[in-house]
Amino acid sequence: MGYLYYFLGFLLLAARLPPDAAKRFHEALSNERTSGYIREYNQLSGWSSDENDWNERLYPVWKRGDPRWKNSWKGGNMRVVLTSDSPALVGSNVTFVVKLVFPRGQKEDADGSIVYEKNCRNDTGPSPDPHAYNRTAWTEDDDWESGPNQSHHNVFPDGRPFPHHHGWRKWNFVYVFHTLGQYFQKLGRCSERVSINTANVTLGPQIMEVTVYRRHRWTNVPITRAKVVYVVTDQIPLFVNMSQRNDRNSSDDTFLRDLPITFNVLIHDPSHFLNESAIYYKWNFGDNTGLIVSNNHTLNHLYVLNGNFSLNLTVQAAVPGPCPSPSRRPPKPTPSLPTNLKSCYSNCPVLAGDDSLELREIPGEDCQIIRYGYFKATITIIEGILEVNIIQMTDVQMAMPQPADSLMDFVVTCQGSIPTEVCTIISDPTCQIAQNVVCNPVDVDMGDTCLLTVRRAFRGSGTYCMNLTLGDDTSLVLTSTLVSIPGRDAGSPLRMANGALVSVVCLAIFVTVIALLVYKKHKKYKQIGNSTGTRGQGLNVFLNHVKVTFFPGSREKDPLLKNQPGTL
């Protein structure tokens with residue numbers, strides 16, 4: 001009889017002890033957590049409590065530092081990248097994307113096998129097998145799948161069967177996501193995503209973890225795990241992009257006076273939660289221009305004074321949603337509300353000047369939840385270069401012309417502060433292909449007047465696009481112009497004109513030399529007497545001497561006649 005009592009006691013004790021296969025999800029997925037880990041959270045749609053049992057026989061659990069991790073994947077370590085599109089406004093969806101990073105040279109093909117890329121093999125050299133993991137070898141074959149134990153292997157860690165949708169056999173990875181004391185399991189390929197609605201998520205930073213298993217015939221193999229922090233907030237996530245023409249660096253919050261600044265509000269809403277919301281933007285630019293309310297996310301503003309200014313923006317969105325449960329206090333009557341206004345705070349959204357969260361309910365109508373977003377910045381306004389113009393282009397005449405180059409002078413004026421540098425980019429006529437870039441400092445002794453001459457060289461004839469910029473520490477101003485350089489070839493009009501000019505000069509020199517020679521020759525035949533007929537015949541004598549000089553064949557052959565002093 002005593003043995004019977006011992007046996008019954010043993011059965012009672014065994015019934016109170018969980019079996020090995022009944023390990024909890026939170027123990028398998030977060031085994032590094034302390035015993036004080038709190039798992040009381042609101043239920044996520046489609047997720048399960050991590051108090052459920054985990055099948056450790058089919059999905060073994062390896063702690064951090066276990067040496068089996070090093071050999072869990074052939075060809076190197078498998079990594080996983082887990083990202084989220086948070087921050088997420090409470091009530092919207094936050095999406096997580098998980099992507100497996102294979103060892104070098106490996107990829108997943110369309111059939112679900114892991115193969116080596118072309119001309120890429122493992123460290124030991126080219127492998128005769130193009131597969132790192134052949135899907136038909138590392139998953140169940142047809143004969144085995146049709147056996148009696150099929151249901152024991154094509155299941156998730158909690159025992160639920162894999163979804164047998166089209167192509168499910170090619171999906172060889174099991175992803176187990178874990179957050180807020182709940183888990184979600186999914187069969188997939190090398191990249192997957194999962195979304196959760198944040199309506200019941202506690203505000204603040206949260207942690208999402210993922211564990212990835214490679215499907216195997218008898219026991220699935222853990223290959224990698226990762227975690228990421230995501231944020232849920234009750235304020236509209238937003239960013240303001242500030243830009244201005246001629247501003248050299250828009251990221252330093254320093255802008256130019258007397259030029260409009262474009263403020264573009266970017267609301268982070270990847271799940272399009274605010275698509276049906278009425279959104280208003282309330283601006284205070286800090287320059288005593290008052291409060292500006294707009295329903296456009298883009299606004300231009302011009303500062304007319306130098307200095308530092310505090311910019312404040314409040315974004316208000318009326319989000320349609322279900323009415324809350326009746327409050328303890330009866331709602332106040334609202335007979336004066338317009339009929340087209342379904343709900344409102346203590347102040348109407350457009351006119352609200354505070355952040356009151358008191359919701360007025362209208363029986364039988366939908367309600368709205370008002371959410372706010374805020375942006376603050378301190379910007380600096382200074383004087384900069386506002387405008388630049390090319391007022392004159394002049395071809396520079398060179399004393400020693402070089403056929404390959406042409407020099408042009410550009411007279412440039414600007415408005416605003418005095419520039420410190422000038423840069424030019426000479427490119428093709430379409431202004432697309434740059435050919436020459438030159439930058440020069442500007443003389444600081446220019447004075448208060450912005451007027452300078454920029455000289456640039458152009459190689460060869462044709463049409464060029466020239467971009468000219470003037471800059472200082474905070475501003476950069478651009479202007480462009482087309483420059484036409486005339487041809488320098490032998491058949492061009494300019495070259496022909498130069499050739500004609502050279503010919504005329506050479507002819508003049510030749511005639512001068514000839515005249516001198518003739519003059520000297522003429523002096524040797526001075527007349528002895530002062531006959532009155534001689535002066536009248538001077539031109540004929542001059543021509544006869546020229547003829548004698550250049551046509552010696554017409555002279556008499558007796559050289560003694562040369563010295564006869566008398567007349568012929």
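In what follows, residues are counted from 1 in the order of the sequence shown.
- Scanning all heavy atoms of the two residues, the minimum distance from Val422 to Arg456 falls at O-NH2, 4.2 Å.
- Checking side-chain atoms of Asn55 against main-chain N and O of Tyr59 turns up no donor-acceptor pair under 3.5 Å.
- Checking side-chain atoms of Gln206 against main-chain N and O of Thr202 turns up a donor-acceptor pair under 3.5 Å.
- In this structure the side chain of Ile382 never reaches within 4.5 angstrom of the side chain of Arg257, judged on heavy atoms.
- Counting only distance, with no hydrogens or angles, the side chain of Ser475 and the backbone of Ile385 share a donor-acceptor pair below 3.5 Å.
- In this structure, a donor-acceptor pair under 3.5 Å is present between the side chains of Thr430 and Asp428.
- Listed here is the closest heavy atom pair of Ser251 and Asn249: OG-OD1, 2.6 Å.
- Remark: Asp287 pairs with Phe285, Thr289, His301, Tyr303, Phe309 by the side-chain contact (heavy atoms from CB on, under 4.5 Å) rule, at least two apart or across chains.
- With rounding to the nearest 0.5 Å, the separation of CD1 in Ile379 from CE in Met242 is 6.5 Å.
- Annotation: side chain of Gln106 is in contact with side chain of Trp73 (closest heavy-atom distance under 4.5 Å).
- Using a 4.5 Å cut-off on side-chain heavy atoms (C-beta onward), Asn197 and Leu44 make no contact.
- Summarising the geometry of Leu476 relative to Thr469, their closest heavy-atom pair is CD1-CB, 4.3 Å, with the distance given to 0.1 Å.
- Rounding to the nearest 0.5 Å places CD1 of Ile223 at 5.5 Å from CG of Leu100.
- Taking CD from Glu192 and OH from Tyr175, the interatomic distance works out to 5.5 Å, rounded to the nearest 0.5 Å.
- Checked by atom type and distance alone, the side chain of Tyr281 never pairs as donor or acceptor with a backbone atom of Gln316 at under 3.5 Å.
- Counting only N and O atoms by type, the side chains of Asn93 and Thr198 include no donor and acceptor under 3.5 Å apart.
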Begin from the C-alpha positions of Asn200 and Gln43 and carry the test side chain to side chain contact (heavy atoms under 4.5 Å, CB included) through to its verdict. CA-CA 7 Å; Asn200 295 326; Gln43 180 66 36; 5.8 Å; no

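- Contact annotation: the side chain of Asp53 approaches that of Arg24 to within less than 4.5 Å [non-hydrogen atoms, C-beta and beyond].
- By the 4.5 Å heavy-atom criterion applied to side chains, Gln185 and Pro157 are counted as neighbours.
- Taking the side chain as every heavy atom from C-beta outward, Asn154 and Arg215 approach each other to under 4.5 Å.
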What do the steps show when you test Leu311 against Asn284 for side chain to side chain contact (heavy atoms under 4.5 Å, CB included), and what is the final call? CA-CA 6 Å; Leu311 170 67; Asn284 188 340; over 6 Å; no

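- Counting heavy atoms of neighbouring residues, nucleotides and ligands inside a 6.0 Å radius, atom CD of Glu276 does not exceed 12 of them.
- Between the side chain of Thr233 and the backbone N or O of Gln235 there is at least one donor-acceptor pair closer than 3.5 Å.
- Open room surrounds CZ on Arg193; 12 or fewer heavy atoms of other groups in view lie less than 6.0 Å from it.
- Ion pairing between Arg248 and Asp473 fails under the 4.0 Å rule for side-chain N and carboxylate O.
- Counted by atom type alone, Asp158 and Asn52 present zero donor-acceptor pairs between their side chains at under 3.5 Å.
- When atom types are taken as modelled, the side chain of Asn220 and the backbone of His216 share a donor-acceptor pair closer than 3.5 angstrom.
- Using cut-offs of 30° and 60° for the angle between ring planes, the Phe184 and Phe177 rings count as tilted.
- Between Phe263 and Trp283, the angle of the ring planes lies from 30° to 60°, which puts this pair in the tilted group.
- Between the side chain of His268 and the main chain of Asp85, a donor-acceptor pair closer than 3.5 Å is present.
- Taking CG from Leu386 and CG from Leu256, the interatomic distance works out to 7.0 Å, rounded to the nearest 0.5 Å.
- Residues Lys63 and Trp69 approach most closely at O-NE1, 3.1 Å, considering heavy atoms.
- Val319 approaches Ser277 most closely through the heavy-atom pair CA-OG, 3.5 Å.
- A donor-acceptor distance shorter than 3.5 angstrom exists from the side chain of Gln182 to the backbone of Leu180, with no hydrogens or angles considered.
- Side-chain atoms of Arg225 come within 3.5 Å of backbone atoms of Leu29 as a donor-acceptor pair (strictly under, hydrogens ignored).
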side-chain hydrogen bond (donor to acceptor under 3.5 Å, both in side chains) assessment of Thr378 paired with Asn308: CA-CA 7 Å; Thr378 299; Asn308 296 324; over 6 Å; no

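- Between the side chain of Thr179 and the backbone N or O of Ile207 there is at least one donor-acceptor pair closer than 3.5 Å.
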Kindly indicate, with the supporting measurements, whether the criterion side-chain hydrogen bond (donor to acceptor under 3.5 Å, both in side chains) is fulfilled by Asp472 and Thr420. CA-CA 5 Å; Asp472 57 14; Thr420 58; over 6 Å; no

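- Of the inter-residue distances, the one linking Glu56 atom CD with Lys23 atom NZ reads 4.5 Å to the nearest 0.5 angstrom.
- Rounded to the nearest 0.5 Å, atoms OG1 (Thr298) and CG (Asn264) are 4.0 Å apart.
- Between Tyr183 and Ser49, the closest heavy-atom pair is CE2-O, 3.1 Å.
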Residues Ile261, Leu302; criterion side chain to side chain contact (heavy atoms under 4.5 Å, CB included); working and verdict: CA-CA 6 Å; Ile261 306 173; Leu302 184 144; over 6 Å; no

